[in-house]
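Here is the structure we will look at, set down as structure tokens.
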Amino acid sequence: MKTDHLAPWAAYCVVGVGALIMLAPFYFMFVFATHSRTEIFSLPPPMFFGDDFFNNLQILTDRIPFWRNLGWSLYVALASTALTLLFCSMAGYAFALFNFPWKNALFALVMATMLLPSFMNMIPTFMIMDLLGWIDQPRALYLPGAASAFGIFLMRQFVSTSIPRDLIEAARMDGCSELGIYARIVVPLLKPAMGTLGLITFIASWNNFIGPLIVMRSPEMYTLPLALRSLQSPVNTEWGALMAGSAIATIPLIVLFMISSRQLISGLTAGAVK
């Protein structure tokens, strides 16, 4: 009986310690954002908030066009999320409920793209973007990945398990067009999966570093990860300013995750149990 009572508390302690370890970098990032570079490297380092946040923010905006970079990150993340939800939901619906030649082979080909390491796409991506004249253009960041294999797979599985084929057939018998069925029936029923995919896509686009590094050339067109990386140098890195920029860049993701974490879990587990 004592063991039965102690086991949950032991599990809570393990989870609590793990949560503290994972949250510690975020805490120190926000703390260091309010201290100067000298204070950050003092011994012992500061453990509580200081008074230099606005000084660090001034240094940050003097070194890089921070607010412009923030705007580009928001624009690219929103465009990427919107296009991914549109194309992946259409493709997932088609793969789940339509019958057409080479359907299984095409779906297997889409899934096979997930096996390719991301670094293999770097040179082809640059060559294609250069050929299209999209170097240093935001469209080069959100159009190439607008129909991700993971998104198509997630939508197909959700449609297969959650949308009855009889409902689609009934709509067709009532004279509803295919686009009408998609807009009026499929999209409302796909909201849990679309919420999950939208959150994952937004976070991935917001944190994307390799993509802008490949195609962006001018500092004014950088997204936040690349802009903040440009602050670092071997001899003169303003770590307080860098931490201030990182803290500001992290706040939208934290708020978004807190709002939609339940949606994320429900969308990932939807269809797992009938």
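Residue indices begin at 1 and follow the sequence shown. All values below come from the heavy atoms of this structure, side chains included, with hydrogens, waters and symmetry mates left out.
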How long is the straight-line distance from [atom2] of [Y] back to [atom1] of [X], given to the nearest 0.5 Å?
| X | Y | atom1 | atom2 | answer |
| --- | --- | --- | --- | --- |
| Leu231 | Leu60 | CG | CG | 6.0 Å |
| Met129 | Thr125 | CE | OG1 | 6.5 Å |
| Arg63 | Gln58 | CZ | CD | 12.0 Å |
| Ile40 | Glu238 | CD1 | CD | 9.0 Å |
| Asp166 | Met173 | CG | CE | 10.5 Å |
| Leu132 | Met127 | CG | CE | 12.0 Å |

Any chance you could lay out the side-chain contact (heavy atoms from CB on, under 4.5 Å) test for Ile168 and Tyr93, step after step, and finish with the verdict? CA-CA 11 Å; Ile168 306 299; Tyr93 168 52; 3.7 Å; yes

Contact summary for [X] and [Y], nearest pair of heavy atoms:
| X | Y | value |
| --- | --- | --- |
| Leu154 | Ala193 | CD2-O, 4.1 Å |
| Ile181 | Ala171 | CG1-CB, 3.9 Å |
| Phe66 | Gly245 | CE1-CA, 3.9 Å |
| Pro46 | Glu39 | CD-O, 3.0 Å |
| Leu197 | Cys88 | CD2-CB, 3.9 Å |
| Ala183 | Val187 | O-CB, 3.9 Å |

Donor-acceptor contact below 3.5 Å, side chain [X] vs main chain [Y]:
| X | Y | value |
| --- | --- | --- |
| Tyr27 | Met47 | yes |
| His35 | Phe53 | no |
| Ser205 | Phe202 | no |
| Asp130 | Phe126 | no |
| Asn69 | Pro219 | yes |
| Ser230 | Ala227 | yes |
| Trp239 | Phe41 | no |
| Ser177 | Gly180 | yes |
| Thr201 | Gly198 | no |
| Arg68 | Glu220 | yes |

Given the rule in the side-chain contact (heavy atoms from CB on, under 4.5 Å) test, do Leu224 and Trp72 qualify, once you have shown the distances and angles that lead to the verdict? CA-CA 8 Å; Leu224 272 182; Trp72 280 127; over 6 Å; no

Do Thr81 and Tyr142 get their side chains close enough for a donor-acceptor pair, meaning under 3.5 Å? no

For residues Ser218 and Asp136, is any side-chain donor paired with an opposing acceptor at under 3.5 Å? yes

State, with a plain yes or no, whether a side-chain heavy atom of [X] is found less than 4.5 Å away from one of [Y].
| X | Y | result |
| --- | --- | --- |
| Asn55 | Ser36 | no |
| Asn208 | Leu226 | no |
| Ile210 | Met122 | yes |
| Ser148 | Thr84 | yes |

Test of understanding: clusters of I, L, V, M, F, W, Y form through side-chain heavy atoms closer than 4.5 Å, transitively. Do [X] and [Y] belong to the same one?
| X | Y | answer |
| --- | --- | --- |
| Leu256 | Ile259 | yes |
| Ile128 | Met120 | yes |
| Phe54 | Phe48 | yes |
| Met114 | Leu109 | no |
| Trp134 | Ile123 | no |

Using a cut-off of 6.0 Å, state whether more than 12 heavy atoms not belonging to [X] lie near its atom [atom1].
| X | atom1 | value |
| --- | --- | --- |
| Arg184 | CZ | no |
| Phe30 | CZ | yes |
| Asp62 | CG | yes |
| Leu179 | CG | no |

Is Arg156 positioned over the aromatic face of Phe98, cation under 6.0 angstrom from the ring centre and no more than 45 degrees off axis? no

Mutual orientation of the aromatic rings belonging to Phe95 and Phe100 [parallel < 30°, tilted 30-60°, perpendicular > 60°]: tilted

Phe28 and Phe32 aromatic ring geometry - parallel, tilted or perpendicular at 30°/60° bounds: tilted

Could you please spell out the steps behind the side-chain contact (heavy atoms from CB on, under 4.5 Å) verdict for Arg217 and Ile135? CA-CA 8 Å; Arg217 291 293 174 265; Ile135 297 297; 4.0 Å; yes

Criterion side-chain contact (heavy atoms from CB on, under 4.5 Å) on Phe209 and Thr223, from CA distance to verdict: CA-CA 8 Å; Phe209 176 77; Thr223 54; over 6 Å; no

Would Ser89 and Tyr182 count as a side-chain hydrogen bond (donor to acceptor under 3.5 Å, both in side chains) here? Give the steps. CA-CA 9 Å; Ser89 60; Tyr182 168 77; 2.5 Å; yes

